[in-house]
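Input: a single structure, listed below in structure tokens.
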Protein chains: 2
Amino acid sequence: MTMQKHSAEPRNAAPRILGAARTIAAREGAGKITIEAVAKEAGLSKGGVLYNFPTKKALLSGLLDQMLDAHREHLGKVPERHPSRTLRGHLETVLQSQEVDDDLSMAILAAAASDPRLLDPLRAEMSGDIERILTDTQDNSAAMIAILAIQGLRFQRLLKLPEGGGNIRDRVIERLRTIIDELE
Amino acid sequence: MTMQKHSAEPRNAAPRILGAARTIAAREGAGKITIEAVAKEAGLSKGGVLYNFPTKKALLSGLLDQMLDAHREHLGKVPERHPSRTLRGHLETVLQSQEVDDDLSMAILAAAASDPRLLDPLRAEMSGDIERILTDTQDNSAAMIAILAIQGLRFQRLLKLPEGGGNIRDRVIERLRTIIDELE
DNA sequence: GGAACTTAACCGACCGGACGGTACAGAGAT
DNA sequence: ATCTCTGTACCGTCCGGTCGGTTAAGTTCC
């Protein structure tokens, strides 16, 4: 009967740890991400966490990496025909997968609060995205405004800032969709 | 004029303390705001800081308050005739006073990271602003997009995210100005 | 096939430092 | 003298990181 290994899920504790970190960040705020708290949430000990991520920076960095991966994957699902598909993809990502995106933003907050350098990979990624979008569209300023508005949507939701009430949010989204479509 | 007290600036250490906090946040990240560090930066001792702000929450809260005040003051300078003057004011504030606005964003970050509830005053303020803007304009979705884009500009600069290079930023701003003007 | 050893994964006690907060003393001005 | 403000010393806690186990699963050699 060989037995199970340790308790329940033997391998790959890393994703569980990252998930725990996201949970904590979403529930109690980015500042509450502590190794012990993450360990408890993930169902293992502090040592276990530090085995997988030798330092807290590594943990945060890994968190952001995972978020970026998820984000990339989402963008990949957008039909490629679309000229400004990354732009459209960004918007749809923000809309569809609220959880994933909130987590991403939370990871950004946590990273920015502890060590701004952790944002470097994000910057690189965004740099590529923006460049691609701008070369694919002729009305660069309109495209950039769309990008900025999408970012605004992110932080607005993340910080629970007021949305204007009513169906304004939906109308804004619809408007953004048409703007993006018109960008061709 | 009697005399100075101890070292240099006798009264009203509070603004100096808040300024120190802003400096630290801008220089080392929002997470590095610590009472001792603030004290050192402000040129007084920990006790001095804690006399003016009995708790760290009070400090962060005061920081955000000051930022909101400064922001309000800026908005007040915008010609009142303008129908969407708050919207225009927001944009101009972001543009003109880079320091003040970056500090505001940093305070937001710091507050959000430590205790999300500290953002409540900000939420209230923004709620009023948005409501006013939306009632003053008939194209609500366009106005909201402008608001979101302006917020996007804030965080973009705060987190040093890529801007798209070239003069795109300027063109975006010009475009936003015209959009806002057309909203009337 | 089984003792001896290695390796991977994890535990949990502990350390040092930082940090928030308290207590109290003292200097200036009035 | 008293009130306002600031400095110094200190306490308890929390947190990141270290370190010596420990357990389970191979691996090697006979």
Side-chain angles (χ1 to χ4, degrees), chain A residues 1-21 24-25 27-64 107 110-111 113-118, chain B residues 1-21 23-25 27-64 107 110-111 113-115 117-118:
Chain A
M1 32 238 46
T2 58
M3 294 264 122
Q4 333 167 313
K5 298 185 180 169
H6 282 215
S7 44
E9 300 288 324
R11 345 208 81 255
N12 262 15
R16 229 173 55 243
I17 293 173
L18 293 178
I24 293 175
R27 195 177 55 212
E28 310 177 37
K32 296 294 183 61
I33 294 183
T34 179
I35 294 185
E36 285 175 352
V38 170
K40 185 181 171 187
E41 179 76 27
L44 41 74
S45 75
K46 199 171 163 180
V49 172
L50 281 156
Y51 177 80
N52 290 275
F53 298 93
T55 179
K56 190 181 179 181
K57 263 189 197 172
L59 194 153
L60 290 178
S61 175
L63 185 59
L64 219 146
S114 77
D115 183 2
R117 291 186 192 178
L118 291 174
Chain B
M1 17 235 52
T2 57
M3 282 272 118
Q4 333 169 313
K5 281 190 176 169
H6 283 216
S7 45
E9 300 287 324
R11 333 211 87 255
N12 259 16
R16 229 172 57 242
I17 292 173
L18 293 178
T23 301
I24 292 176
R27 194 177 55 213
E28 310 176 39
K32 297 293 184 61
I33 295 184
T34 177
I35 295 184
E36 287 175 350
V38 169
K40 186 181 172 188
E41 179 76 26
L44 43 74
S45 75
K46 197 171 162 180
V49 172
L50 278 155
Y51 176 81
N52 290 275
F53 299 94
T55 178
K56 191 183 180 181
K57 264 188 195 173
L59 194 155
L60 290 178
S61 175
L63 185 59
L64 219 146
S114 76
D115 183 2
R117 290 187 193 178
L118 291 173

Closest non-hydrogen contact found for A:Leu60 with A:Ser114 is CD1-OG, 3.4 Å
A:Leu60 CG to D:dC15 P, in whole Å, measures 14 Å
Per salt bridge (Lys or Arg N to Asp or Glu O under 4.0 Å), B:Glu41 is matched among B:Arg27, B:Lys46, B:Lys32 by B:Arg27
Check your understanding: Is there a side-chain polar atom (N or O) of B:Lys56 under 4.0 Å from OP1 or OP2 of C:dG20?
Key -> yes
When rounded to whole Å, the CG to P distance for the pair B:Asp115 and C:dG20 reads 14 Å
| query | Looking across every strand, which nucleic acid part, if any, lies under 4.0 Å from A:Leu50 by heavy atom: base, sugar-phosphate, or nothing? | reply | base
From CD of B:Glu36 across to P of D:dC10 the rounded distance in Å is 15 Å
- Step-by-step side chain to side chain contact (heavy atoms under 4.5 Å, CB included) determination, B:Phe53 to B:Ile35: CA-CA 10 Å; B:Phe53 299 94; B:Ile35 295 184; over 6 Å; no
Whole-Å distance, A:Leu44 CG to C:dA8 P, equals 19 Å
- Heavy atoms under 4.0 Å, any strand shown: does B:Thr34 hit a base, just sugar-phosphate, or nothing? sugar-phosphate
Is the phosphate of C:dC10 approached by A:Tyr51 (side-chain N or O, under 4.0 Å from OP1 or OP2)? no
Separation of C:dC19 atom C1' from B:Ile35 atom CD1, nearest Å, is 8 Å
Here the distance between atom C1' of C:dA18 and atom CD1 of B:Ile33, to the nearest Å, is 16 Å
B:Lys46 has its side chain closest, among C:dG21, D:dT6, C:dC10, to C:dG21
note: B:Leu59, atom CG; C:dG20, atom P; distance rounded to Å ~ 10 Å
Side-chain N or O of A:Thr55 closer than 4.0 Å to phosphate OP1/OP2 of D:dG16: no
In short, B:Asn52 meets B:Ala14 closest at the heavy-atom pair OD1-N, 3.9 Å
Between A:Ala25 and A:Ile33 the two heavy atoms that sit nearest each other are CB-CD1, 3.7 Å
>> Is there a side-chain contact between B:Asn52 and the phosphate of D:dT6, meaning an N or O under 4.0 Å from OP1 or OP2?
In response: yes
Separation of C:dA9 atom P from A:Phe53 atom CZ, nearest Å, is 13 Å
